[in-house]
Amino acid sequence: MSLEASEVKKIAHLARIAIREEDVAGYAESISSILGLVEQMDAVDTSGVEPMAHPQEAVQRLREDVVSEPNQREKLQANAPAVEAGLFLVPQVIE
Amino acid sequence: MHNKTIAELSAALASGEVSSVALTEHFLARIKRLDPELNSFVTVTAEQALADAAAADAARAEGSAGPLTGVPFAHKDIFCTEGVKTACGSKMLDNFIAPYDAAVVSKMKAAGMVMLGKTNMDEFAMGSSNETSFYGPVKNPWDKERVPGGSSGGSAAAVAARLAPMATGTDTGGSIRQPASLCGITGLKPTYGRVSRYGMIAFASSLDQAGPMARSAEDCALMLQLMAGFDERDSTSLENEVPDYSKGLNNSLEGLRIGLPKEYFGEGLDPEVAKVIETAIEEYKKMGATVKEISLPNTHLAVPAYYIVAPAECSSNLSRMDGVRFGHRCDDPKNLEDLYSRSRGEGFGEEVKRRILVGAYALSAGYYDAYYIKAQQIRHLISDDFKAAFTEVDLIMGPTTPSTAFNVGEKSKDPISMYLSDIYTISANLAGLPGLSLPAGFAQNMPVGLQVIGNYFDEARLLNVAHRFQQETTWHQQTPAGIE
């Protein structure tokens with residue numbers, strides 16, 4: 001399994017990670033070798049095997065729909081790069 | 001004082017032989033003297049530690065202290081600690097001050113334990129050598145040319161160098177057991193769901209599990225007692241009752257059935273490491289255990305399945321690092337996409353980016369079934385291998401790692417060879433089983449760890465088996481040269 005430079009750029013875009021042009025070939029090579037390692041799985045017939053979601057087959061627990069957390073907006077936003085009037089600021093999205 | 005176990009420190013504090021302030025000052029002084037070379041701590045919270053120690057002494061004076069009140073320790077920097085920087089080994093979170101405490105952190109605080117600081121780790125716990133940390137590699141106290149293992153490398157090195165009597169760790173593919181093995185300490189990865197993941201920065205949520213790293217099994221039992229338990233804030237936390245982990249430490253091993261998977265003793269295992277493990281097994285036979293060769297036929301598929309499941313889950317978990325709500329933000333973003341892409345491109349290191357890309361690829365349209373579903377099916381096969389084995393034996397033993405600690409830089413350019421250093425530990429994460437590594441001897445003058453894998457919720461038995469070995473041997477009491 002070998003990944004083309006164009007595919008690396010495509011997944012980098014999907015993952016929203018800017019990678020430098022000069023690093024693309026290196027990622028293509030190392031990711032290809034990882035996919036090569038992973039290919040060993042293909043030799044195994046897994047038809048009829050249930051994919052494992054939880055080691056002990058536990059199901060997602062449900063809880064009552066009640067407020068469990070107090071409002072801590074200021075505290076939680078203290079780590080934000082840019083905040084105004086309690087809102088997170090990002091570059092303009094709508095023209 | 002620093003060579004005492006937690007049980008001994010607890011007794012010394014109770015009898016008034018030492019105060020928590022004096023103990024804390026002692027460990028802080030050791031960190032100051034020895035850690036500049038080791039780099040096992042990323043943050044030392046000296047002022048807060050001394051204040052907490054003074055409060056612990058006051059609690060003891062008024063009779064409200066528990067057995068662990070005033071005992072110092074360290075947290076891996078993956079656990080959120082309110083008001084204290086929590087960077088998870090990443091530039092991305094270099095400016096992140098956790099706004100709340102992880103469940104494990106709250107429990108240690110409630111017991112009155114004194115946090116000395118936060119330990120270094122591979123970035124977002126992705127690595128097996130502590131070399132992917134934004135804060136630089138950690139040195140192995142046994143040989144400073146070598147790595148301590150990872151991702152909980154700082155915790156392992158700190159305990160091995162007696163800079164803290166215990167440290168917390170997390171284990172997604174071996175990140176407690178592998179560094180414990182490489183640094184000559186005892187580390188336990190509990191059953192998946194045993195310790196709350198609340199406030200533990202997520203890497204691969206279906207595999208991540210926190211556990212104790214200390215010098216002895218007895219100390220790990222005390223610490224697991226504190227860390228374990230149901231937490232409704234962790235959706236995969238399990239409600240099973242927490243037993244008394246110290247009660248059965250001295251139980252007889254007469255009739256214990258040990259399984260040795262032939263797949264763990266084959267090609268790739270350093271012959272000197274194999275010899276140490278075989279000698280340790282002989283010790284167990286002397287204690288009355290019986291030994292049987294077993295097979296875990298899908299072992300060779302563990303690393304491949306893991307390198308789909310873990311990257312896929314990390315690509316999803318780490319999408320929260322977007323430069324908007326917390327963490328690194330690039331300068332002058334042109335638009336929202338530029339903000340996301342450059343903040344993440346600048347904030348993440350190479351290995352983290354590589355794994356996110358592998359995960360994004362495996363989860364992308366057209367590949368999901370071939371990769372993620374296939375890996376989850378293989379996971380089932382691996383889990384079934386263990387289920388079958390546990391009908392014949394009580395627990396499984398083998399080497400924790402195929403070799404002793406490798407040199408700094410030796411594997412950092414070749415991801416695959418790095419991944420293979422977790423070849424014996426990853427299966428337990430995929431199956432969700434508890435695993436423990438304990439010091440079993442030395443090869444090439446470096447520590448060798450014996451791994452013990454148990455059935456679900458069988459932590460007490462793992463600790464019992466490790467403790468009995470530590471009653472008969474002194475490997476866990478060996479100290480690296482120059483750090484006495």
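Numbered from 1 within each chain, the chains take letters A, B, ... in sequence-line order.
If you tally non-hydrogen atom pairs under 4.5 Å between each of B/Thr191, B/Ile416, B/Val358 and chain A, the highest count goes to B/Ile416. For chain A, the option among B/Ile356, B/Asp338, B/Ile378 with the highest count of heavy-atom pairs below 4.5 Å is B/Ile378. Interface summary for chain A: among B/Asp322, B/Leu336, B/Leu430, B/Leu357, the most heavy-atom pairs under 4.5 angstrom belong to B/Leu357.
The closest side-chain heavy-atom distance from B/Ser341 to A/Ile17 is not below 4.5 Å. In this structure, the side chains of A/His54 and B/Tyr192 come closer than 4.5 Å at one or more pairs of heavy atoms. Residues A/Gln56 and B/Leu238 meet the side-chain proximity criterion, which asks for heavy atoms closer than 4.5 Å. No side-chain heavy atom of A/Pro81 sits under 4.5 Å from any side-chain heavy atom of B/Val324. Contact of the B/Phe326 side chain with the A/Gln77 side chain is not registered, since no non-hydrogen atoms from C-beta on lie closer than 4.5 Å. Side chains of A/Pro55 and B/Tyr456 form a contact here, defined as non-hydrogen atoms less than 4.5 Å apart. Contact check for A/Val90 versus B/Arg329: side-chain heavy atoms found under the 4.5 Å cut-off. The side-chain heavy atoms of B/Tyr361 and A/Lys10, taken from C-beta on, include no pair separated by under 4.5 Å.
Summarising the geometry, atom OH belonging to B/Tyr371 is positioned 8.0 Å from atom CE belonging to A/Met41; distances are rounded to the nearest 0.5 Å. Separating the OG atom in A/Ser68 from the CD atom in B/Glu232 is a distance of 7.5 Å, to the nearest 0.5 Å. Note: A/Arg61 CZ to B/Asp234 CG = 7.0 Å, rounded to the nearest 0.5 Å. Here the CZ-CD1 distance, from B/Phe348 to A/Ile19, works out to 13.5 Å after rounding to the nearest 0.5 Å. Atoms OG and CZ, on B/Ser235 and A/Arg63 in that order, are 11.0 Å from each other to the nearest 0.5 Å. One finds the CG atom of B/Leu381 at 12.0 Å from the CD atom of A/Glu50 (value rounded to the nearest 0.5 Å).
Heavy atoms closer than 4.5 Å to chain A are found in both the backbone and the side chain of B/Ala375. For B/His300, the parts lying near chain A are the backbone and the side chain together; criterion is any non-hydrogen pair under 4.5 Å. Only the side chain of A/Glu57 comes within contact range of chain B, judged by heavy atoms closer than 4.5 Å. For chain A, the nearby part of B/Phe457 is the side chain; its heavy atoms alone come within less than 4.5 Å. For B/Pro415, the part lying under 4.5 angstrom from a heavy atom of chain A is the side chain only. Interface remark: B/Glu346 contributes no atoms to any contact with chain A (heavy atom separation under 4.5 Å). Contacts of A/Leu89 with chain B are made by backbone atoms alone, with heavy-atom separations under 4.5 Å and no side-chain atom involved. Neither the backbone nor the side chain of B/Tyr372 comes within less than 4.5 Å of any heavy atom of chain A. Heavy atoms closer than 4.5 Å to chain A are found in the side chain of B/Leu301, but not in its backbone. Contacts between B/Ala431 and chain A at a heavy-atom distance below 4.5 Å involve the backbone alone (N, CA, C, O).
For B/Lys374 (side chain) and A/Val44 (main-chain N/O), a donor-acceptor pair under 3.5 Å exists by modelled atom type. Panel note: side chain B/Gln376, backbone A/Met52; a donor-acceptor pair is recorded below 3.5 Å.
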Check: Hey, mind stepping through B/Glu350 and A/Tyr27 against side-chain contact (heavy atoms from CB on, under 4.5 Å) and telling me if it holds?
Finding: CA-CA 9 Å; B/Glu350 190 185 334; A/Tyr27 280 115; 3.6 Å; yes
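Taking the charged nitrogens against the carboxylate oxygens, A/Lys75 and B/Glu82 do have a contact shorter than 4.0 Å, which makes a salt bridge.
Listed by sequence position, B/Tyr307, B/Ile308 are the residues of residues 306-320 of chain B in contact with chain A, using a 4.5 angstrom heavy-atom cutoff.
Closest of all the heavy-atom pairs between B/Gln377 and A/Val49 is NE2-O, 3.0 Å.
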